[in-house]
Amino acid sequence: MIIKGLKICIIVLILLILLALTVWFSVPYWFPKVAGYWLPQGMTVSLQQPEWKNGALQLDDISFQVNDCKLIRISQLSASYPYSAIDQGHNWKLNASAISGDINCLNQLPKSAESVSSLSIADVLSAIPRMSLSVDNFSFNPWSDFAGKLIFDSSSQEQKLSYQGKNVKLLAHIDDQEMLIVDQLTIKLPEQEISLNGEMSLPLDLDKLPAQGKVDGEIITNQYPRPLNMTLGWQSQSGKLTIREKGTVVPLAELPWQFSKQQFSIIDGKWQWLNAEQPLAGGINIKIDRWQQGLDNLRISGRMNLVTRGKHGKANMVLTVRPSRISPLNMELPFQLTGQINVQDMSMAMSLPAVINGSLVNPKINFQSGSLLRAWGRLSDEFIVKDIRSPLAGSYLTREGFTGRLQAIVNAQHGYWGKFRLHLDGHAENFMPDKGHWHWRYWGNGDLPPLQAKWDIAGKGHWSDTLISVNELTSGFDIVKYGMLRMDTPRLQLTKPLQWQRSKKSPVFEGNLQLTAKETAFRSGGFLPPSKLAIKLTGESPNNFRLNGELSSKNIGPIPFYGRWDGTRLRGEARWPTQSLLAFQSLIPENLGINLRQGDLYAQAAFSAARGQGFVAGGHWVVKNGSMWLKDGEISGLDFVLPWRLRDSIWQLGVKSPVQLRVKTFNNLFEMHNLTADLQGFYPPTEQKPLELNNVSVDILDGRISLNKLRIPQHNAAILTLDRLELSRLFTVLKVKQFAMSGKISGKLPLFLNNERWIVEQGRITNTDYMTLRLDKDTIDSINKDNISAGAAMDWLRYLEINRLWARASLNNLGILTLSAEIHGVNSLIDKKRQVKLNYNHEENIFHLWRSLRFGNNLEDWLQQNISILNGSDK
């Protein structure tokens with residue numbers, strides 16, 4: 001009997017062991033089904049086969065899921081129940097390498113109409129066994145930046161919580177009086193740091209707020225120079241939140257609040273911001289109804305205003321929220337932002353009726369009909385915004401960016417660049433600066449006073465992430481006038497899209513442009529035929545790029561140029577390759593009557609343009625072996641070197657070395673050779689910046705004419721020196737028939753260019769060696785016929801050998817030439833010993849005389865009128 005009972009016990013024991021083993025190894029299958037009775041509807045749990053190692057129960061992975069979304073995942077969990085000498089008993093010890101998950105999974109839980117019965121705090125605390133919990137990495141999305149290590153200890157006297165992460169630190173405990181004490185809470189955000197500490201009494205039930213408490217905190221932010229102190233205190237059903245700057249008494253915000261079972265409200269809250277560029281202030285009134293019935297049943301309404309004061313006066317901005325339900329999954333919160341903000345010289349007005357839809361995690365702001373932003377005022381001393389408008393109706397805003405029609409209409413005026421109106425209109429998709437997409441077209445027009453021009457612009461482009469691209473552009477001016485040039489109807493077009501990659505690691509700015517103009521005229525009278533300017537841009541941004549290109553116009557060019565723009569100044573240089581001089585005929589004013597025949601020209605120039613400085617340029621022009629026809633002659637063998645600089649429409653000619661003019665032959669009324677002239681100074685000339693002409697000389701009439709230094713403005717006479725000029729060559733050119741002279745003369749003529757009266761004053765001319773004077777027979781016979789008594793005297797002038805010629809000449813600004821001459825000589829045909837003395841005084845308009853070239857007739861008239869003064873004497 002005993003043996004039989006023992007056998008039954010052994011069989012039962014074996015069956016129990018087999019049952020225990022079956023239950024143990026089937027935990028992953030039956031535990032999720034059993035746990036499902038206690039989990040919320042729609043949530044499931046899964047786990048791996050647990051193991052017993054080193055006196056502890058270990059689970060490698062356990063997960064709680066909502067549909068396919070993993071709400072909580074626990075990795076490397078171990079549970080043991082060791083003896084604690086401190087607590088004189090056994091305590092649970094739980095360790096996990098990581099607990100992670102996604103809070104957004106809660107949005108997928110189905111709504112439940114079942115109410116949750118209130119729980120007592122005492123019941124909750126008593127239900128927590130004596131234990132310690134340690135989690136090496138505690139992290140939940142979307143708060144992964146606040147991941148850290150969690151340690152929780154619970155004993156019969158108190159519960160302690162410690163949480164340490166890169167951006168957060170928390171030390172708190174609950175004492176035996178059921179008081180929650182926050183020893184330290186520090187949160188680091190990208191732009192600020194928040195520190196809190198305090199204590200509060202725990203409520204009797206979990207669905208109630210603590211009966212009393214006080215929390216002190218400190219906020220350190222980069223936007224504010226000093227820390228901000230925060231105090232939150234309450235007693236029973238009312239309290240107040242106060243924020244002030246550390247070390248000050250005047251609060252920045254005072255928010256009185258009160259609550260009941262049905263409503264939480266902030267009544268007559270006030271705030272102010274004193275350390276901004278201008279003081280800001282306002283009020284807050286908020287009501288939250290049914291706050292204890294969960295977010296699905298919560299109703300919120302309120303009003304907040306902002307008062308500003310600028311040079312346009314006082315302004316008020318009001319945010320109004322109508323009573324609305326807030327749902328974690330699908331809220332609908334209508335609000336309206338209306339009013340005006342004045343800041344210094346700027347004002348901004350807005351009327352934004354909108355509705356916030358979607359979940360709390362990803363809200364969506366839908367702008368309703370009539371939504372409009374406006375701004376106007378003075379941005380700087382020179383830039384005035386007359387009006388900026390941005391209609392927003394029909395578009396929406398999420399945390400991803402702006403989506404819908406996005407447009408801006410700008411009407412502004414700049415003191416230097418003039419008035420303009422620009423319109424951008426396009427479609428945006430999740431757009432924020434340097435994020436998302438915005439495709440747009442643009443058009444506008446304006447004035448450009450520095451160039452005395454009116455302009456227009458139109459095109460298309462897009463902004464995708466960090467890339468801004470202008471795909472189409474056409475722009476132009478009606479006319480451009482700057483300094484000494486005038487350009488007719490220039491047009492600017494893209495030949496390659498203009499792109500700006502705003503990436504900080506590899507910024508790029510590039511594109512190709514083409515500027516065309518019908519004709520470019522110069523103040524001097526010359527012009528450049530229809531021209532084309534091709535430009536290539538490469539750089540990092542619109543404020544830092546290089547440009548190079550070519551200018552071509554009919555037979556001129558191409559002229560390559562290079563430059564750089566640094567945001568304030570354009571610098572560059574151009575190199576004009578050697579070309580035939582004939583290509584530049586159009587640059588010579590037509591009224592000069594110059595026709596180019598042959599020669600070569602090349603040039604080089606550097607330039608700089610900036611606001612306030614204007615256009616500054618410098619370089620040199622070189623002409624080699626040039627020849628040309630003039631109105632009354634021609635030039636050949638022309639060599640010309642022109643170093644120059646231009647600034648503020650003032651030319652500096654001959655910067656380091658003078659302008660050099662060299663001409664081999666110049667045929668006009670007279671044939672001239674070896675013409676030289678050096679010029680250096682400024683044009684237009686002034687007293688401080690004169691223009692000087694030096695090294696002027698020319699071979700003419702078998703002699704030479706030279707001019708010493710001529711300064712403009714002129715204070716002293718420049719001496720025009722005549723050196724051994726042959727008179728026979730002069731009279732041959734003038735084709736005088738009535739008389740002839742031969743021999744060489746020299747002299748000095750004081751020359752003035754800006755004297756009140758004189759061009760030449762008291763110039764002196766003398767003979768260099770013997771000279772001869774011959775009167776035409778017909779001329780003498782005509783005089784004898786009219787004045788028979790003078791016939792004998794006229795015989796002495798038929799042929800006169802002059803041994804002394806002395807003359808004084810003056811020429812005034814009216815062209816009146818006054819000549820006083822004394823001639824001594826002999827008529828060797830009549831009497832070699834008898835001296836003939838001729839005193840000659842003459843006055844004539846040299847301008848008229850030069851045009852007529854009738855010197856002989858004038859001399860004949862003078863002899864007829866003054867024959868009585870002729871006399872002879874023996875020496």
Side-chain angles (χ1 to χ4, degrees), residues 191 221-225 252-253 270-284 303-320 335-354 365 367 370-393 395 397 401-402 405-426 428 431-434 438 440 442-450 457 463 468 502 541-543 567-568 611-612:
E191 298 292 335
T221 174
N222 294 338
Q223 288 81 17
Y224 206 73
L252 299 178
K270 297 180 180 179
W271 67 274
Q272 58 183 347
W273 195 257
L274 304 177
N275 287 7
E277 293 182 0
Q278 66 165 3
L280 305 175
I284 302 176
R303 182 179 184 274
M304 178 178 178
N305 76 304
L306 166 66
V307 178
T308 56
R309 183 183 297 274
K311 294 186 178 181
H312 296 164
K314 191 175 181 180
N316 188 31
M317 177 69 65
V318 179
L319 172 65
T320 303
F335 70 92
Q336 181 153 344
L337 188 60
T338 308
Q340 181 174 317
I341 296 175
N342 290 345
V343 179
Q344 297 181 353
D345 282 344
M346 288 296 297
S347 295
M348 182 172 65
M350 61 188 71
S351 176
L352 298 177
I365 302 176
F367 296 102
S371 295
L372 176 66
L373 286 174
R374 289 185 59 231
W376 64 93
R378 183 184 295 273
L379 282 176
S380 66
D381 292 339
E382 292 186 305
F383 192 59
I384 299 175
V385 176
K386 294 184 176 180
D387 188 36
I388 296 179
R389 292 173 175 264
S390 182
L392 299 176
S395 57
L397 179 66
F402 188 93
R405 185 180 182 185
L406 181 58
Q407 57 180 322
I409 304 99
V410 182
N411 187 8
Q413 178 177 354
H414 191 277
Y416 182 78
W417 299 111
K419 301 177 182 178
F420 68 91
R421 183 179 179 86
L422 187 63
H423 195 150
L424 286 90
D425 191 358
F431 175 76
M432 297 178 68
D434 294 339
W438 179 24
W440 32 259
Y442 62 94
W443 63 94
N445 55 70
D447 298 329
L448 194 58
I457 192 171
W463 190 345
I468 299 177
R502 292 160 50 86
S541 73
N543 288 330
T568 58
R611 183 189 168 190

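Residue numbers count from 1 along this sequence.
For the pair D447 and K419, the salt-bridge criterion is not met [side-chain N within less than 4.0 Å of a carboxylate O].
Separating the CH2 atom in W417 from the CG atom in L448 is a distance of 6.5 Å, to the nearest 0.5 Å. To the nearest 0.5 Å, the span separating CZ on F383 from CZ on R378 amounts to 11.5 Å. Separation of atoms CG (L424) and CH2 (W443) is listed at 8.0 Å; rounding is to 0.5 Å. Atom NE2 in H414 sits 10.0 Å away from atom CG in L379 (nearest 0.5 Å). Taking NZ from K386 and CZ from F420, the interatomic distance works out to 10.5 Å, rounded to the nearest 0.5 Å. L373 contributes atom CG, which lies 9.5 Å from atom OG of S351 (distance to the nearest 0.5 angstrom).
Taking the six-membered ring where the residue is Trp, W438 and F431 present tilted rings, their angle falling between 30° and 60°.
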Test log, rule side chain to side chain contact (heavy atoms under 4.5 Å, CB included), inputs L392 and F402: CA-CA 10 Å; L392 299 176; F402 188 93; 3.7 Å; yes

T338 vs V318, side chain to side chain contact (heavy atoms under 4.5 Å, CB included): CA-CA, chis, key distance, verdict: CA-CA 5 Å; T338 308; V318 179; 5.6 Å; no

Criterion side chain to side chain contact (heavy atoms under 4.5 Å, CB included) on M317 and M348, from CA distance to verdict: CA-CA 10 Å; M317 177 69 65; M348 182 172 65; 5.8 Å; no

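Checked by atom type and distance alone, the side chain of T308 never pairs as donor or acceptor with a backbone atom of V343 at under 3.5 Å. For D345 (side chain) and G377 (main-chain N/O), no donor-acceptor pair under 3.5 Å exists by modelled atom type. Using a distance-only test at 3.5 Å, with no hydrogens or angles considered, a donor-acceptor pair links the side chain of N342 to the main chain of G313.
Checked against ring pair (Phe, Tyr, Trp, His ring centres under 6.0 Å), W271 has no partners two or more places apart in sequence or in another chain. Not counting sequence neighbours, R421 has no partner by the salt bridge (Lys or Arg N to Asp or Glu O under 4.0 Å) test.
For the pair L306 and N316, the tightest heavy-atom approach, listed with the atom from each and the gap, is O-OD1, 3.1 Å. Taking each heavy atom of V385 and A412 in turn, the nearest pair found is CA-CB, 4.1 Å. Here the shortest heavy-atom pairing between P449 and G418 reads CD-CA, 3.5 Å. Contact detail for L352 and S371: the closest heavy-atom pair is CD2-CB, 3.9 Å. When all heavy atoms of S390 and Q407 are compared, the pair lying nearest together is OG-O, 3.0 Å.
Contact annotation: the side chain of F335 approaches that of I365 to within less than 4.5 Å [non-hydrogen atoms, C-beta and beyond]. With a 4.5 Å cut-off on side-chain heavy atoms, R405 and S395 do not count as touching. Put simply, the side chain of D434 reaches to within 4.5 Å of the side chain of W463, judged on heavy atoms.
Crowding of K270 atom NZ: a count of heavy atoms from other residues, nucleotides or ligands under 6.0 Å not exceeding 12.
Checking N411, I409, V410 one by one against I388, the side chain to side chain contact (heavy atoms under 4.5 Å, CB included) holds for a single residue, V410.
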